[in-house]
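Single-structure report; data block below.
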Amino acid sequence: MVPGTVHELSEHDRLILDLEKTTHTATARDALCRRINLPIEKYAVVLEGLVDTDAAYSYAPDVVERVRRLRAERFAFERRQGRWKTFMQ
């Protein structure tokens, strides 16, 4: 994780985490992206990077844990499908 405090989160970071706390729709996500001038295609990338910070965990631990769990499940699925090879083979 990347160290940081809640005070190091930008307003945009907090808005993204706040949206993830809700049962949001694609329309709400798209509206937020327009509001903060973030390309919709980059939303997931920003969220993935954000959840790897201590600041995000301090601000929204439930969101961070959920996103990390879903990411781990996605990677495990990809490995089972043979799409991720280890370098030690």
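Since this is a predicted model, take the numbers as computed values, not measurements.
Using a 4.5 Å heavy-atom threshold, the side chains of Tyr59 and Lys21 count as touching.
Nearest heavy-atom pair across Ala56 and Leu9 is N-CD2, 4.0 Å. For the residue pair Tyr57 and Arg68, the shortest heavy atom distance occurs at CD1-NH1, 4.3 Å. Shortest non-hydrogen contact noted between Leu50 and Thr53 is O-OG1, 2.8 Å.
One finds a salt bridge joining Arg71 and Asp52 here, because a Lys/Arg side-chain nitrogen approaches an Asp/Glu carboxylate oxygen to under 4.0 Å. Salt-bridge annotation for Arg69 and Glu65: absent, with no side-chain N of the basic residue lying under 4.0 Å from a carboxylate O of the acidic one.
For the atom pair CG (Asp18) and CD (Glu11), the distance works out to 10.0 Å, reported to the nearest 0.5 Å. We find the CD1-CG distance between Ile36 and Asp13 to be 8.0 Å, quoted to the nearest 0.5 Å. Here the straight-line distance linking atom CD1 of Ile40 with atom CZ of Arg34 works out to 6.5 Å at 0.5 Å rounding. Here the CD atom belonging to Glu20 is positioned 9.5 Å from the CG atom belonging to Leu32, to the nearest 0.5 angstrom. One distance of note links CD1 of Ile16 with OH of Tyr43; it measures 6.0 Å at 0.5 Å rounding.
In terms of modelled atom types and a separation under 3.5 Å, the side chain of Arg29 and the main chain of His24 share no donor-acceptor contact.
For the side-chain contact (heavy atoms from CB on, under 4.5 Å) with Arg66, the qualifying choice from Val63, Asp62, Val64 is Val63, the only one to do so. Among the candidates Arg35, Lys42, Glu41, the single residue satisfying the side-chain contact (heavy atoms from CB on, under 4.5 Å) test with Leu38 is Lys42.
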